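Chain A is the first sequence line, chain B the second, and so forth, proteins listed ahead of strands; every chain is numbered from 1. This is a predicted model, so every value here is computed, not measured.
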There are 4 protein chains.
Amino acid sequence: MASKKPTVQPSADCPRTLGRPRSERARCAILNSTLKFFESRQNGYIDLTIEEVAARAAVGKATVYRWWPNKAALVADAFAFGATQKLHFPDTGSLVNDVTQQMQQLVKILRGRRGHVVSVILGAGQSEPMLLTAFRERFIMPRRAEATGTMQRGVARGELPASVDIDHLLDALYGPIYFRFLIRHKELTPQFVESHCRLVLQRVLPVDKSRGKNH
Amino acid sequence: MASKKPTVQPSADCPRTLGRPRSERARCAILNSTLKFFESRQNGYIDLTIEEVAARAAVGKATVYRWWPNKAALVADAFAFGATQKLHFPDTGSLVNDVTQQMQQLVKILRGRRGHVVSVILGAGQSEPMLLTAFRERFIMPRRAEATGTMQRGVARGELPASVDIDHLLDALYGPIYFRFLIRHKELTPQFVESHCRLVLQRVLPVDKSRGKNH
Amino acid sequence: MASKKPTVQPSADCPRTLGRPRSERARCAILNSTLKFFESRQNGYIDLTIEEVAARAAVGKATVYRWWPNKAALVADAFAFGATQKLHFPDTGSLVNDVTQQMQQLVKILRGRRGHVVSVILGAGQSEPMLLTAFRERFIMPRRAEATGTMQRGVARGELPASVDIDHLLDALYGPIYFRFLIRHKELTPQFVESHCRLVLQRVLPVDKSRGKNH
Amino acid sequence: MASKKPTVQPSADCPRTLGRPRSERARCAILNSTLKFFESRQNGYIDLTIEEVAARAAVGKATVYRWWPNKAALVADAFAFGATQKLHFPDTGSLVNDVTQQMQQLVKILRGRRGHVVSVILGAGQSEPMLLTAFRERFIMPRRAEATGTMQRGVARGELPASVDIDHLLDALYGPIYFRFLIRHKELTPQFVESHCRLVLQRVLPVDKSRGKNH
DNA sequence: CAATAATCGAGACGGTACGTCACGTCTTCTT
DNA sequence: AAGAAGACGTGACGTACCGTCTCGATTATTG
């Protein structure tokens, strides 16, 4: 579907010159009104209406449809627009420390205002492949790439065996976080994060150095 | 919430004798038509229309609304109605075996027809607390209770330390499964299940027998 | 349409014996609840609901349908059931007096509680021939027959010419009453009745005796 | 009642410039489809369905509700929209002639296609004050105003006494027409009109010239 | 500077599904 | 057999949003 509606800025080869230029005010107002809707908690993807988004942004409905083909695209863009940039891995020299600290940051986000947007997107994404893909590409994957770097540093330092399956390890680390976040059967506390990091990494660490190696 | 609309069977204190009794045919037709809708894959919770459910079940719309207050309740009931009963833990004498086998069954379900219903419910549940609660109570929790039993057998057998946090352990086991199931960043293969079980359950024993004690 | 549902009481030749006899209580309750509905003023035929009639009469809906084929029949019966019997022509020896007195009684009814039922029936009757016919046969015609008698007495007394068209005369007398009653453009006062009787009868009376005949 | 839904054309104080303008095509299609429904005879006000009106006009249901608050308003407007304009009093120099001719026109309309609309409106109007009022203001009253003019000419010409109660006289003239039209107990023939006009207007003159004065 | 062109706000349009209500029928048990 | 209770399939109700379509007004570039 080569849509005529450019979600991103016009590419350089397209003149993009005639007529009134797109209103930046409108764009921001729309994205913000979308974010605001979710951040109030309680409301879900289904309850989000373009009609209301437009009204709250003091924008014509057509202006929304001109730039976003559907609700999913709008929500994905809104999320990216407001995405927290400050979610990074430190480099303290200790794998466990690095991972734990980053996961604590993640959990803080998930439990905060912005967290609701994440669950809404993941939820709606189950019925809207586009939305899920967008979330994966824009949120999960970049962080995963960085996490891979952290793991490789761990391997280099000898904290992890060279044979470790990093993808598996990341799922083992983050899976239970999202599990509790999405199923809500138990609270997602910092204590849980702490203890979970230890649980998983303890299993992949080479045998405790203090006890001596096995060979 | 003392709703007038009893989704469950009438409690004993209600005479339940006056008037025409509820049609069992209608009830089944409605639930089946709901299930069928999701099992076709592709369609999401938003696309499910009470109007269509009623029509496909050859039932009046009002009959649906008489017994289910909203779409979420209907879907939850439909899921429970068709819920796979054959998802149980064997008792092979080996914790790893028991858990692995049950998780393989679970993954088979998640990857099959019924799996789509699960993702739809979990997805919609992010915006409909009632739906999520229903799914948790009816699907997750019963299995979790059984799993707890299996773990306790493991403790009794000495495969797990008495101090183990079973809730945490279950999240460590199942979280990554659901993570891959919901985020879809990597395929949810039997190999992954196998290897993940090993990862989490290995070295849980207070002392790995094959390596001998340290003192 | 030889309906199985007898609106009138069973004829004598029908045994009418098997099973539980029709409940007189139910019949009265239904008719009364129907009348009561209209007498509150404000509510119209369209707003009358069999559901509500049954509920207010503490009667099963089916019991209403068993005895009355439709709303029109029910309303017609209810009207007949509660029909004022005290609408008769006096015989004072003076045509003008007789007619005036009866018309004043009629107007009193039309302006009272029961009047609303009349307008409702006439109104609904415009779209339900059966209802209009019922009202005509049960209310208009009997009175008209009596009026015809009064007129004939007038002819006998020499108050009216023998050539008078009684049907026309009655329409000239009652038409304007119902006109004001139904169109509501002017109030239907006793003064109007008084003056209208004089207007019409003055035109059909033989030339005023006090002035003597012309030849 | 300062309704937001303007049934009439926008008043001058309203800019009426923003947004897409109201579709004249839709307005006409709706009114015509309403009229057509009644002109088929047989069907009554109750049977008229907004759903069907909209469908037959190839118009969204919401468009009907946007401009007319209820069925009554729609029917009233439809009637006004198609209202016969050619119902006027001639000025032949003779009161009896003028009135007779106009009443014959009226009766022709009442007995024709459009007559059914009139009876439907008057009927439904008995339960819907708004509808009755609309009919009175738009149909009855304008004609009555004109009739008053005709009567006043009669007074000027000496055909009527200056003291005549014109309202009463008009009711005496038109009441019986509508009486027969609504009760349907006798046919509404041109002969009846002819003879009724004569009845009411004869001897209205203070002194019948043809017979000479009495003193 | 005027013409051109795309966007803006506003809001009406033809639709679809909503959740409710009453219809007239039915099925049960009770009287 | 008739009663009350109340669930049934049906279909219209009036509402809310959908995504599209005019409008007049605005804001840039181009001739």
Side-chain angles (χ1 to χ4, degrees), chain A residues 15-23 25-27 47-55 57-67 69-71, chain B residues 15-23 25-27 46-52 54-55 57-67 69-71, chain C residues 16-23 25-26 46-55 57-67 69-71, chain D residues 15-23 25-27 29 46-52 54-55 57-67 69-71:
Chain A
R16 203 86 203 72
T17 171
L18 257 61
R20 179 176 176 175
R22 174 172 182 182
S23 156
R25 187 200 72 74
R27 185 177 153 270
D47 304 330
L48 179 73
T49 64
I50 301 283
E51 201 114 23
E52 194 184 335
V53 166
V59 141
K61 226 180 352 162
T63 302
V64 180
Y65 284 109
R66 191 172 358 251
W67 301 108
N70 52 52
K71 205 156 72 166
Chain B
R16 210 80 203 76
T17 174
L18 260 57
R20 180 175 177 173
R22 176 173 181 183
S23 156
R25 186 200 72 72
R27 185 178 151 269
I46 307 172
D47 303 331
L48 178 71
T49 275
I50 300 282
E51 202 121 28
E52 194 185 334
V59 139
K61 222 182 353 165
T63 300
V64 180
Y65 285 109
R66 187 164 11 245
W67 301 109
N70 52 54
K71 209 155 71 165
Chain C
R16 205 87 202 72
T17 170
L18 256 61
R20 178 175 176 177
R22 174 173 182 183
S23 156
R25 186 199 72 74
I46 307 174
D47 304 330
L48 178 73
T49 274
I50 299 284
E51 201 115 23
E52 195 184 334
V53 166
V59 141
K61 229 183 347 165
T63 302
V64 179
Y65 284 109
R66 191 172 357 255
W67 302 108
N70 52 52
K71 206 156 72 167
Chain D
R16 210 81 203 77
T17 174
L18 259 58
R20 180 176 177 174
R22 175 171 182 184
S23 156
R25 187 201 71 73
R27 185 178 151 270
I46 307 172
D47 304 331
L48 179 72
T49 277
I50 300 282
E51 202 121 29
E52 195 185 334
V59 139
K61 222 178 358 160
T63 300
V64 179
Y65 285 110
R66 190 170 3 250
W67 301 108
N70 52 54
K71 209 155 70 167

List the atom of A/A26, the atom of A/S23, and the distance in Å for their closest heavy-atom pair. N-OG, 3.0 Å
Ignoring hydrogens and angles, answer whether the base of E/dG24 and the side-chain atoms of C/K61 contain a donor-acceptor pair closer than 3.5 Å. yes
In terms of the nearest nucleotide of DNA chain F, which residue is placed more toward the 5' end: D/A62 or B/A58? B/A58
Whole angstroms only, please: what is the CG-C1' distance between D/L48 and F/dA12? 12 Å
The answer to which of A/V59 and C/K71 contacts DNA chain E further toward the 5' end, by nearest nucleotide, is A/V59
Any A/R66 side-chain N or O less than 4.0 Å from OP1/OP2 of E/dC8: yes
Which nucleotide sits closest to the side chain of A/R22: E/dC8, F/dC13, E/dC13? E/dC8
Going through the distances and angles, do A/V64 and A/K61 end up as a side chain to side chain contact (heavy atoms under 4.5 Å, CB included)? CA-CA 5 Å; A/V64 180; A/K61 226 180 352 162; 5.7 Å; no
Judged by atom type as modelled, is there a donor-acceptor pair below 3.5 Å linking the side chain of B/T49 to the main-chain atoms of B/E52? no
Could you tell me whether B/R27 sits above the aromatic face of B/W67, with NZ or CZ closer than 6.0 angstrom to the six-membered ring centre and within 45 degrees of the axis? no
With the side chain defined as heavy atoms from C-beta on, D/E51 is closest, among E/dG15, F/dA12, E/dC13, to F/dA12
For C/W67 and F/dG3, is the shortest distance between a side-chain N/O and OP1 or OP2 below 4.0 Å? yes
Which residue, A/G60 or B/E52, contacts DNA chain E at a nucleotide closer to its 5' end, judged by nearest heavy atom? A/G60
For the side chain of D/I50, starting at C-beta, report the closest nucleotide among F/dA16, E/dC13, F/dC13. F/dC13
Spacing between D/Y65 atom OH and F/dA12 atom P, to the nearest angstrom: 11 Å
Determine the minimum heavy-atom distance between B/I46 and B/K71, stating which atoms define it. O-NZ, 3.6 Å
Give the nucleotide from the list E/dA10, F/dG14, F/dA4 with an atom nearest to the side chain of C/A26. F/dA4
OP1 or OP2 of E/dG9 versus the side-chain N and O atoms of A/T63: is any pair under 4.0 Å? yes
For E/dG9, does OP1 or OP2 lie under 4.0 Å from any side-chain N or O of A/R25? yes
Atom-pair distance (CG on A/D47; P on F/dC18), nearest Å: 11 Å
Quick tally for nucleotides 24-31 of chain F: nucleotides whose base has a protein heavy atom under 4.0 Å get B, sugar-phosphate-only ones S, the rest -, giving SBBBSSS-
